[in-house]
2 protein chains.
Amino acid sequence: MPATIRDVARASGVHISTVSRTFSAPHLVNPETRSRVLATAESLGYRPNRAARALITGRTHNVGLIVADIANPFFPPLIKAAESQARQRDYHIFVADTNEDATAEEELVLAMAKQVDGVLLCSPRMSNSLIEQCSREVPLVVINRLVTGLPSVVMDVGQGARDAIEHLAGLGHREIALLGGPRGSWTSREIRRSALLAARAAGADLTVLGPNPPTEDGGAAAADQVRRVGCTAVLAYNDLMAIGLLDELDSLGVRVPEEISVVGIDDIAPSRRTRPKLTTVATPTAAAGRAAVDMLLQHDNAPVARTARPGVGVGAVDGRRTTAQVTLQTELVIRDSTGPGPHLPADPGYAATAAPGPVASYVKE
Amino acid sequence: MPATIRDVARASGVHISTVSRTFSAPHLVNPETRSRVLATAESLGYRPNRAARALITGRTHNVGLIVADIANPFFPPLIKAAESQARQRDYHIFVADTNEDATAEEELVLAMAKQVDGVLLCSPRMSNSLIEQCSREVPLVVINRLVTGLPSVVMDVGQGARDAIEHLAGLGHREIALLGGPRGSWTSREIRRSALLAARAAGADLTVLGPNPPTEDGGAAAADQVRRVGCTAVLAYNDLMAIGLLDELDSLGVRVPEEISVVGIDDIAPSRRTRPKLTTVATPTAAAGRAAVDMLLQHDNAPVARTARPGVGVGAVDGRRTTAQVTLQTELVIRDSTGPGPHLPADPGYAATAAPGPVASYVKE
DNA sequence: TTGAAAGCGCTAACAT
DNA sequence: ATGTTAGCGCTTTCAA
């Protein structure tokens, strides 16, 4: 039986609305009264019930975060950053996992809708039109997808894929395979689009494989295919797949980077410990989490259209959300899983860059 | 402006209480009326507002989960399992991160208290008495700590530490170091207690180092100390520290397991990819997450002491929570980071077990 | 089987 | 500066 606003009012000899003001509009209450109320509240262990408050203010001070797989090492840094940013602004965060299932996404958004002020939708697999539909139920910020009309945060994987392809082409690779990601992934399409363009520009052949599940197993399963297409370099949709591929190639006795070069995308923590260490495109996931929370809450400060009394107050404030789209830079991190290919020009400059060893150009975020 | 119960009542020509019953006590409403109400609700996209419902029922259908560090690979599988289990029972889960800061724990529990039906407190660093105090504000299930009077889920790290020490002693190690975990960790104390006992029984010396931060850096930082104490084997508080130690020993040119054997605890995903592959004690983290949710919700089915009308209903139901303590088994996973020590008996049986290579006895959960 | 009415804890317009 | 009052969306007695 936690203390309510009424208990505090009684114990400090004021009306409940004075107690209410003490917490939600302190400047409207006499300093002396305020400190008295605060003192009794403290002694009773009173804390305003946010759910009750939300019922009338329309602000829950909660945020939803939907990801494909909590245990995928790509997400925890993003979740952590989002949680931290939210808490700093006194928001709590619901986390949900779709298990890579597109149909679970809509259901989760709808289930959360009434309890949150907005939802961060991470790497969605559902269609754009369904996303738009969801956004009519609850404010949405989309991460890792560009949806016109909706605020979104994406990493520039297009640039990243281009950098990766150019890196490989510069090393003398002309036959490159792209391990595509899961169906429905905007990031996967973007990588593909950009990689194809870059390969053409560099005079290299790009064979697209997939779609594949974005897991180690997915990468491992693609190893056979990779060998069959006769490429000398591979760009994977993400590090997890690249790591799986690395493992499987090792089991098959294929040497990396001597026989095949491998590049990942994301720069998750384990990628620094593979043998050879993985060359990859670092994506600023923590920054993305923070940015998404900021975008959501920025608009969340404006009072919501609510009328405590019928006939009073305005109609629906047509939330003029500036639907900003934020693109965060990526960075190619050259480690040891990429080396010279068959067409390496006799240019000592390239050879030096290609030499195995930590020639990393690395910038975090 | 989402549809409310009133909109549905109006549109289907019944009183709001009938709509309410349709959702919370369907058997009390005429089948025909029910399907009509359901149909209009569906067409209006109506979903009961859980916060409003909670206000009167006292059940939020939310659960809090507090961990030390979301990005620590130990936690994501636990979070994922807990979330999945909770959702299956139609509960949502708040996740919060303390950043390994003991003082943040209490604040987080209190901040969540009103919005959840209970909190899962993971690997707490605060004192038992503070935990008990928190448990008066909100039902608690503690994970990775035994607190008398409170339901808790622990992994049997005592057994795990013993297995590890016996494994090392059996390999002929007599000088073993224990890399202690963070201050305030029950698990760390438990490992220490059990490892000391096992070492004595096996006739080995155990040097305890620490406390250390439970991170790769913490493990790396301890490498110097490890060399100075002149041990031939190390048991680390967790895999993260073991991995950091492995890296640092490699940089220092110390060969593992030839010069020093290393054992971790947890069996997090990256431990399968270290070179050499890490011998470790597997802890069933996913099972722990599920068990904790089950324990919390099991008691949560009983109606809460609430009176919709003054004078009616019973007083406080003195929640007779069966404060069960669940202990989950651990399992030693022998990989390649442990090998023969200086006192290895000339027993071919031991030698075989100690031979490098995957002699893994591995059982997941 | 359904309707009426009270109230969960809180905020906000209005009155004083 | 404080009190009064209505009501957020919902459940739950009680009466019909």
Side-chain angles (χ1 to χ4, degrees), chain A residues 1-10 12-37 41 44-61 113-115 303-314, chain B residues 1-10 12-37 41 44-61 113-115 303-314:
Chain A
M1 49 249 72
T4 78
I5 201 173
R6 242 172 289 267
D7 298 324
V8 179
R10 202 171 310 134
S12 48
V14 296
H15 194 267
I16 61 163
S17 47
T18 301
V19 178
S20 174
R21 283 184 205 108
T22 304
F23 287 94
S24 40
H27 59 281
L28 292 181
V29 50
N30 183 305
E32 282 178 32
T33 322
R34 191 198 310 159
S35 56
R36 187 155 42 92
V37 169
L44 293 179
Y46 168 78
R47 295 207 159 208
N49 182 324
R50 298 176 145 215
R53 179 182 282 176
L55 207 49
I56 183 159
T57 62
R59 301 247 136 289
T60 63
H61 265 242
K114 294 289 208 328
Q115 293 193 84
V304 129
R306 281 289 175 143
T307 43
R309 203 166 270 232
V312 183
V314 293
Chain B
M1 48 247 73
T4 78
I5 200 173
R6 240 172 291 267
D7 299 324
V8 178
R10 202 171 309 135
S12 49
V14 296
H15 194 265
I16 61 164
S17 43
T18 300
V19 179
S20 174
R21 283 184 203 105
T22 304
F23 287 94
S24 41
H27 58 282
L28 290 182
V29 49
N30 183 306
E32 283 176 32
T33 323
R34 193 199 307 158
S35 56
R36 186 156 42 90
V37 169
L44 293 178
Y46 168 76
R47 296 207 159 209
N49 182 323
R50 295 175 148 216
R53 179 182 279 175
L55 207 49
I56 185 159
T57 63
R59 299 249 136 289
T60 62
H61 265 240
K114 294 289 207 329
Q115 292 194 85
V304 129
R306 280 288 175 143
T307 43
R309 204 163 268 233
V312 184
V314 295

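These numbers come from the heavy atoms of this one structure, side chains and all, not from hydrogens, waters or symmetry mates. First the proteins, then the strands, lettered A, B, ... as listed; each starts at 1.
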Looking at [X] and [Y], would you say the former's side chain and the latter's main chain have a donor-acceptor pair under 3.5 Å?
X	Y	result
B/Thr33	B/Val29	no
A/Thr22	A/Thr18	yes
B/Lys114	A/Arg47	yes
A/Thr60	A/Gln115	yes

Rounding to a whole Å, what distance do you find between [X]:[atom1] and [N]:[atom2]?
X	N	atom1	atom2	result
B/Ile5	D/dT12	CD1	C1'	12 Å
B/His27	D/dT12	NE2	P	11 Å
A/His61	C/dC10	NE2	P	15 Å
B/Arg36	C/dT1	CZ	P	14 Å
A/Leu55	C/dA12	CG	C1'	14 Å
A/Asn49	C/dG7	CG	P	19 Å
A/Asp7	C/dG9	CG	P	8 Å
B/Glu32	C/dT1	CD	P	11 Å

Could you check whether [X] gets within reach of a base, just the sugar-phosphate, or nothing at all, counting any heavy atom under 4.0 Å?
X	result
A/Thr4	sugar-phosphate
B/Phe23	nothing
B/Thr18	sugar-phosphate
B/Arg50	nothing

Among the candidates C/dC10, D/dC10, D/dA1, find the nucleotide nearest to the side-chain atoms of A/Asn30. D/dA1

Selected nucleotide, minimal atom distance to A/His15 side chain, candidates C/dG9, D/dT12, D/dT5: D/dT5

Quiz item: A/Arg21 side-chain donor-acceptor pair to D/dG3 base, under 3.5 Å: yes

Taking only side-chain nitrogens and oxygens of A/Thr33, does any of them come within less than 4.0 Å of OP1 or OP2 of D/dT2? yes

Look at the side-chain N and O atoms of B/Ser17 and state whether any lies under 4.0 Å from the OP1 or OP2 oxygen of C/dA4. no

Taking the side chain as C-beta and beyond, is there a heavy-atom pair between B/Thr4 and B/Asn49 under 4.5 Å? no

